[in-house]
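Have a look at the structure below, then the notes.
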Protein chains: 2
Amino acid sequence: MDRKKIKKKQTTLSDIATTVGVASMTVSRVINRHGYVSEETREKVMRVAKEMNYRRNGLARNLKRQRTETIGLVLGDISNPYSTELARAVRETASTRGYNLFICISEHSAKEDIAAFESLANHGIDGIIVATRSNKAGDEYLRGIVESNIPVVVIGRDFRHETVDYVSADNLRGGFEATQHLIDLGHERIGFIGATLSGGASLKRLQGYLNALGEHNISVDERLITGRKEAITDVPGYSTEKIGFEGMKRLLSLPNRPTAVFARNDFTAIGAMSAIKEASLRIPEDVAIVGFDDIPLAIHTSPSLTTIRQPMRLQGQIAAEMLLQKIESEEKSPREERILNCELIIRGSTVLSKH
Amino acid sequence: MDRKKIKKKQTTLSDIATTVGVASMTVSRVINRHGYVSEETREKVMRVAKEMNYRRNGLARNLKRQRTETIGLVLGDISNPYSTELARAVRETASTRGYNLFICISEHSAKEDIAAFESLANHGIDGIIVATRSNKAGDEYLRGIVESNIPVVVIGRDFRHETVDYVSADNLRGGFEATQHLIDLGHERIGFIGATLSGGASLKRLQGYLNALGEHNISVDERLITGRKEAITDVPGYSTEKIGFEGMKRLLSLPNRPTAVFARNDFTAIGAMSAIKEASLRIPEDVAIVGFDDIPLAIHTSPSLTTIRQPMRLQGQIAAEMLLQKIESEEKSPREERILNCELIIRGSTVLSKH
DNA sequence: CAAAATTATGTTAACGATAACTTAATTAAC
DNA sequence: GTTAATTAAGTTATCGTTAACATAATTTTG
């Protein structure tokens, strides 16, 4: 075959320089609108640059300038409205401040977490926001990144480091309020779906649940707490519905089944609702249910889902601001931590609608 | 303040080389596991690299190697399940083939489209998949990118170029089948929400609707076609629900209102359903409704939504494969076009459930 | 009108990594 | 035991851009 693709090289500054008959530095000045260039030269250079379809090589530029004006965001799961709202807020804040955003997805895999961190760090990104689930291998790698002086901010996940800022919803309080709401409605046998106690209640939402029970002297029944062990799995997005479905079935099969359930997130709650309906029980009369996150779907389920709304956009915005601050400041600032309030949204899955 | 942050520079190959007492090329060989190095030297280098927390500078590396093993994906809207499934499939395919994926969001803004293209191109990305809505300024910029020999594949959007591959769902046929389904159910006054005829039915789904009506000799009533003009707006994600809601209200206020409606996508359909319910009409008895996309929410609405399912993952996978093929092939291959079949999913919004 | 400031351009040396080449010592082959 | 192959390094140039400095012409200032 003689129609091999001759990898036509990109036009470079010096290509233009040669054509116009100036030094490449002059061309650089024109391209960057910076420094003295005569109007005549500028026009000539611009014309030739356009003709030759010049595109600046960012690799070389960033290598020389030692910054990229780009930040990275690593998400565990892009199917979750929580993640997407986060991403949108981060992008918006970054964009306003003149930064580009590259998003990487890790699909809750430690290996992909590392691949994402590495890839971003390698590209000389100015800073990274991490919103994946914590896991050992990933965290270890992340620590290396932090220690090589790349600014990092984490959202809603464990990771302690003296220079890493932290943003999160108040999951502890949210979990507490969800449970409190059910207690206020008179429930005493309240289940939890989405985690087990074996991990020592590392999940803040579960801890909030336990705290609420404790405060009202309701004894904890471990059989009412169900869910797969807290660990990185290859389960993406919507499959948490399955955890909710199976967890609820387990709870319903108990000799003394709960009258209310708090699910660790809305997808889990929706799965649980399916199980309840399948058992021909009514929501909320037979089993009341509270979720967490207030995803857009929550208002469209039947009955609509009572849930804890967390400020997704705000978390993204604050994280981005923190990161940019770190990137741009000369001073080394102390670790900052922002924990944002959640809000109980009461809907039909706990309280019969009035009409 | 004297605790100014001394921007500790990253460790470089030659830092390690100096410490160990070898040439930086030797260190490079160790790091890249490529070329001859004695076991003794390798171990020493590895140890020092670890101690000094070495991280390879990808900018320099990629600049020299002229490739990054990274591809970019530009999405108009990340809140849409269509986009997220696409992204996941693209990531998976890319990852399997050893490529990283950077995702950019443009929020349906021409300016941000351009910013995303530019940023990706500048970073020397090996190729770009574009799944934004077409718009003049953005397309013009994209054309420049294509002409500077960066491989590009577009998904489900207009963009004609002899070297740009194209993947899409068969929107024309999908629109036809959605309408056909309603006709089969006996409907004759069928509305369309989400676009107007003024743009000359550039929207394939609308064209499919028109074709189906034509085939059954149902005359087109322009008052039954409603929606905002096809254009880039700053309206993100879920707000298409609003278009559906308002469009439906307009249709319901007609003297001779439609008995069925085809909405350009599921969010629009859901908005329309709200309007129908608000008017105290029944779905599907008074107004039947069909959406498009089969988003996860579609099964959870009440009644559940009849819709056209498009193969989101498949589109992403094929696009990624096409792009990687372009990137890796030496030969210049002719433009390829893949149009994928859609599937009608019949649910409660058009047919009363049987129980 | 000399000194200072401004404008316009060129030169040089990185940024950090690596491909391509060279040198030299070992080991294998015939 | 001489030639060829393998192993283990080092040297040089370059990827494309830009910061920093240097030069020279022109303009402004006092």
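Just so you know, these numbers use all the heavy atoms, side chains as well, and skip hydrogens, waters and symmetry mates. Quick note on labels: first sequence line is chain A, next is B, and so on, each numbered from 1.
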Begin from the C-alpha positions of A:His123 and B:Phe102 and carry the test ring pair (Phe, Tyr, Trp, His ring centres under 6.0 Å) through to its verdict. CA-CA 11 Å; A:His123 277 265; B:Phe102 286 162; 5.0 Å; yes
Assess the residue pair B:Ser79 and A:Arg88 against the criterion (side-chain hydrogen bond (donor to acceptor under 3.5 Å, both in side chains)); give the C-alpha distance rounded to whole Å, side-chain angles, the decisive distance to 0.1 Å, and a yes or no. CA-CA 8 Å; B:Ser79 302; A:Arg88 294 181 58 199; 3.2 Å; yes
Begin from the C-alpha positions of B:Glu112 and A:Ser95 and carry the test side-chain hydrogen bond (donor to acceptor under 3.5 Å, both in side chains) through to its verdict. CA-CA 9 Å; B:Glu112 297 294 339; A:Ser95 167; 3.2 Å; yes
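Residues B:Glu39 and B:Lys64 both approach DNA chain D. Their nearest nucleotides, taken by heavy-atom distance, put B:Glu39 toward the 5′ side. Comparing B:Arg29 and B:Asn57 along DNA chain C, the residue whose closest nucleotide (by nearest heavy atom) sits nearer the 5' end is B:Asn57. Place B:Ala60 and B:Thr41 on DNA chain D by their nearest nucleotides, and B:Thr41 ends up nearer the 5' end. Of the residues near DNA chain C, A:Ser24 and B:Ile31, the one whose nearest nucleotide (by heavy atom distance) lies more toward the 5' end is A:Ser24.
The C1' atoms of five pairs define one axis at each end of the helix from C:dC1-D:dG30 to C:dC30-D:dG1, and these two axes lie 30° apart (to 10°).
Listed candidates were D:dA9, D:dT18, D:dG16. Nearest to the side chain of A:Leu63 is D:dG16. The side chain of B:Ala23 sits closest to D:dG10 out of D:dT17, C:dT18, D:dG10.
With respect to B:Glu328 and B:Arg97, a salt bridge is recorded, a charged nitrogen being found less than 4.0 Å from a carboxylate O.
Contact of the A:Ile78 side chain with the B:Ile103 side chain is registered, since non-hydrogen atoms from C-beta on lie closer than 4.5 Å. Looking at B:Arg335 and B:His161, their side chains never come closer than 4.5 Å, going by heavy atoms from C-beta outward.
Across all strands shown, A:Asn32 has heavy atoms under 4.0 Å from sugar-phosphate atoms exclusively, and none from any base.
Rounded to whole Å, atom P of C:dG10 lies 11 Å from atom CE of A:Met25. Between the P atom of C:dA19 and the NE2 atom of B:His34 lies a distance of 6 Å, rounded to the nearest Å.
Taking 4.0 angstrom as the limit, B:Tyr36 places a side-chain polar atom (N or O) nearer than this to OP1 or OP2 of D:dT7.
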